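Read the structure below first, then the notes.
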There are 2 protein chains.
Amino acid sequence: MTIAQRNTGKETRIQREKREVILKAALDVFSIQGLRGATLEKIAEAAGMSKPHVIYYFGSKDAIYARLLESLLEIWVSPLRDLSRDGDPMTEILTYMRRKLKMSRDMPRESKLFATEILHGAPRTKATLSGDLKTLVDEKAAIIAGWSAEGKIARLDPHHLIFSIWAMTQHYADFDVQVRSILPETGGDALFDEADAFLTSMFTRTLRPAKA
Amino acid sequence: MTIAQRNTGKETRIQREKREVILKAALDVFSIQGLRGATLEKIAEAAGMSKPHVIYYFGSKDAIYARLLESLLEIWVSPLRDLSRDGDPMTEILTYMRRKLKMSRDMPRESKLFATEILHGAPRTKATLSGDLKTLVDEKAAIIAGWSAEGKIARLDPHHLIFSIWAMTQHYADFDVQVRSILPETGGDALFDEADAFLTSMFTRTLRPAKA
DNA sequence: GTCTATAAATCGATAGAC
DNA sequence: GTCTATCGATTTATAGAC
């Protein structure tokens, strides 16, 4: 009997640490190979334990994948959640863009995992997308639309503005292989410094209200 | 013995049509399920023939996938190839963006196939990315840099400008499930009309040269 | 060329010893 | 809790009849 089956909600420190080692290893494998491309053997090897041991802690391969997605979702939307009606409009939006860009820099595997899930039709997350996520995006889009109406930023579709921030920041994580193949060798975080400068400039020009 | 093995280069009209039926079916399956998620059985079913028949025409599942990628690459970069030094800078770049957006609208499966390949590390295309594609992008980036230097468009990093066009146009194809989950029901091509308007506005403001 | 039947390999999950 | 050994299901690919 696996822990997953008889678990009553509590777990020891050892158990929690084991789970974290497995989740970390699984993220490495899933983010590059995808759900079907990843095998229990590769995950077990990356985690430094045997296949049955991995199953013992999570019950199934799908359960690991689902757990990863679930724990990722809240972190993933937190920058948008922090966008506040009370701040300076331009600062709020640029800060949101920068936080998303930093997440792409610091959590590329998480970004890829999420991208693969949506790319393949989001079978596990579709309900969340059209539920909680839509609610959050609509709420923040309304704030941005308000700023537009007040003339504090340019008039533009707030939903597509949010999409554009997602697209451009996540692009540097999801398609890093392509980006780095084309760009001259940029050591370390230089790529993201360049991206920050470019995106800051682009969104500043896009958002600046037309002269009255 | 399969056709793939004894093929000497020539093929009949019937054979070509069969291959195209299989490739079309394979694109449907691969683009949603990925390379490992797709099975020969699903491809055969979508193509209306038996599993061994599919193998008979292509030799292996991987060969179908590789062929799809290969035939996609040239079409995929053709809009960038057409960007001309001799045209009006703003028009050339906006036209490029629109052609990419139309490709996302009309060829979403191809976009997803390519996205998945790169996302998973581009094991089959990495050489092309850092070879032919890099050469092409560098060449077009130099044209854009020239326009910037002449003051015809704003000063900005031409490579990242090209990345931003890729990111934002392909986003509507690759992550359509997410986009459509969040946006109010927009029938048919309305989504892409909205995207066109938004991106035209965004890139116009970004590219407009600062007043002298 | 096209099929049914099946071989061969892979993989997720389980059994059971320790 | 952790392992080795292995089952059972899935899947790619082949054999061989027609």
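The basis for the numbers below is simple: all heavy atoms, side chains too, and nothing from hydrogens, waters or symmetry mates. Note that the coordinates shown come from a computational prediction; the quantities given were computed from them, not determined experimentally.
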Discussion item. Just N and O in the side chain of A/Ser50: are any of them under 4.0 Å from OP1 or OP2 of D/dC3?
Written reply: yes

Nucleotides 7-14 of chain C: which of its N/O atoms have a protein N/O under 3.5 Å away?
residue, atom, partner, partner atom, Å
C/dC11, OP1, B/Arg36, NH2, 3.4
C/dG12, OP1, A/Ala38, O, 3.3
C/dG12, OP1, A/Lys61, NZ, 2.6
C/dG12, OP2, A/Leu40, N, 2.8
C/dA13, OP2, A/Lys61, N, 2.8

Worksheet item: D/dT12 P sits how many Å from B/Glu45 CD, rounded?
Response: 14 Å

Worksheet item: With respect to B/Leu119, which candidate in A/Asp176, A/Thr116, A/Ile32 satisfies the side chain to side chain contact (heavy atoms under 4.5 Å, CB included) definition?
Response: A/Thr116

Fill in: Value in whole Å for how far the C1' atom of D/dT2 lies from CZ of A/Phe58
16 Å

Practice prompt. Take atom CD1 of B/Ile22 and atom C1' of D/dT12, then tell me their distance rounded to the nearest Å.
Written response: 15 Å

Fill in: Length of the line joining B/His53:NE2 and D/dA13:P, which is rounded to integer Å
16 Å

Worksheet item: Quick one: does A/Met202's side chain get under 4.5 Å of B/Phe203's, heavy atoms only?
Response: yes

Worksheet item: How long is the line joining CE of B/Met49 and P of C/dG1, in whole Å?
Response: 12 Å

Worksheet item: Is A/Tyr57 touching bases, backbone alone, or none of the nucleic acid, heavy atoms closer than 4.0 Å?
Response: sugar-phosphate

Worksheet item: Do B/Arg19's NZ or CZ and the ring of B/Phe58 fall within the cation-pi criteria of under 6.0 Å and 45°?
Response: yes

Would you be so kind as to tabulate the donor-acceptor pairs closer than 3.5 Å made by side chains of residues 138-147 of chain B, with sequence neighbours excluded?
residue, atom, partner, partner atom, Å
B/Asp138, OD1, B/His159, NE2, 2.8
B/Asp138, OD2, B/Lys134, NZ, 3.0
B/Lys140, NZ, B/Arg81, O, 3.1
B/Lys140, NZ, B/Leu83, O, 2.7

Using a 3.5 Å cut-off and no angle test, enumerate the donor-acceptor pairs between side-chain atoms of residues 90-99 of chain A and protein atoms at least two apart in sequence or in another chain.
residue, atom, partner, partner atom, Å
A/Thr91, OG1, A/Asp88, OD2, 2.7
A/Glu92, OE1, A/Ser84, N, 2.8
A/Thr95, OG1, A/Thr91, O, 2.7
A/Tyr96, OH, A/Trp166, NE1, 2.7
A/Arg98, NE, A/Asp196, OD1, 3.1
A/Arg98, NH2, A/Thr200, OG1, 3.1
A/Arg99, NH1, A/Asp82, OD2, 2.5

Worksheet item: Looking just at side-chain N and O atoms, do A/Arg205 and A/Ser201 make a donor-acceptor pair shorter than 3.5 Å?
Response: yes

